[in-house]
Amino acid sequence: MDLIKRLGLNKNEVGNQSHIEVNTEMCKICVDKPCIKVCPAGTYEEDKENGISVHYERCLECGAALYACPFGALQFKYPEKGVSYIYG
Ligand code: SF4
């Protein structure tokens, strides 16, 4: 089975609480907000009040935003339910 077909078998189960914590004090002064640009899943959105809002249920666990954030404002742990791989 090729990679594209295997990835299509991934199944995300969303947990009840966010596995991503963000220090929004940093986000308020972060002008470029690179997390928004590098995340392929649209997990981060600009928020006028807090600087950023996090939609953890969209996260694909790639970790790109952790490396892109210039302030180290993100804390990430693997989600409680993780990703299930279903091979048929
Ligand atoms: S890159 Fe970091 S500091 Fe900037 S908005 Fe995103 S999480 Fe906040």
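For ligands, and for the atoms within them, numbers begin at 1 and follow the listed sequence. Numbers here are sequence positions counted from 1. Because the structure is a prediction, the values reported are computed rather than measured.
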Original post:
Where do Val22 and Leu74 land on the side-chain contact (heavy atoms from CB on, under 4.5 Å) test, with the steps shown first?
Top reply: CA-CA 5 Å; Val22 58; Leu74 295 169; 3.8 Å; yes
In the protein, which heavy atom is nearest to [atom], and how far is it?
atom                    : result
atom 2 (Fe) of ligand 1 : Cys69 SG, 2.3 Å
atom 8 (Fe) of ligand 1 : Cys27 SG, 2.3 Å
atom 1 (S) of ligand 1  : Pro34 CD, 3.5 Å

So, the side chain of [X] versus the backbone of [Y]: is there a donor-acceptor pair under 3.5 Å, distance only?
X     : Y     : value
Lys37 : Asp32 : yes
Tyr44 : Lys33 : no
Arg58 : Gly42 : yes

Original post:
What atoms of ligand 1 come within less than 4.0 Å of a heavy atom belonging to Cys30?
Top reply: 1 (S), 3 (S), 4 (Fe), 5 (S)
Subject >> Contacting atoms of ligand 1, where contact means under 4.0 angstrom from a heavy atom of Phe71 >> reply: 3 (S)
Original post:
Quick check: are there more than 12 heavy atoms from other residues, nucleotides or ligands sitting under 6.0 Å from CD of Glu45?
Top reply: yes
**OP:** Take atom OH of Tyr67 as the centre, draw a 6.0 Å sphere, and report whether it contains more than 12 heavy atoms from other residues, nucleotides or ligands.
**Re:** no
Subject >> Any Tyr44 heavy atom less than 4.0 Å from ligand 1 >> reply: no
Original post:
Does Pro70 come within less than 4.0 Å of ligand 1, judged by its heavy atoms?
Top reply: yes
**OP:** May I ask you to check whether Cys35 brings an N, O or S atom to under 2.8 Å from atom 2 (Fe) of ligand 1?
**Re:** no
Subject >> Location of contacts on Thr24 toward ligand 1, heavy atoms closer than 4.0 Å >> reply: neither
Original post:
Which is closest to atom 5 (S) of ligand 1 by heavy-atom distance: Met26, Lys33, Glu25?
Top reply: Lys33
Original post:
Between atom CD1 of Ile52 and atom SG of Cys69, what is the distance when rounded to the nearest 0.5 Å?
Top reply: 9.0 Å
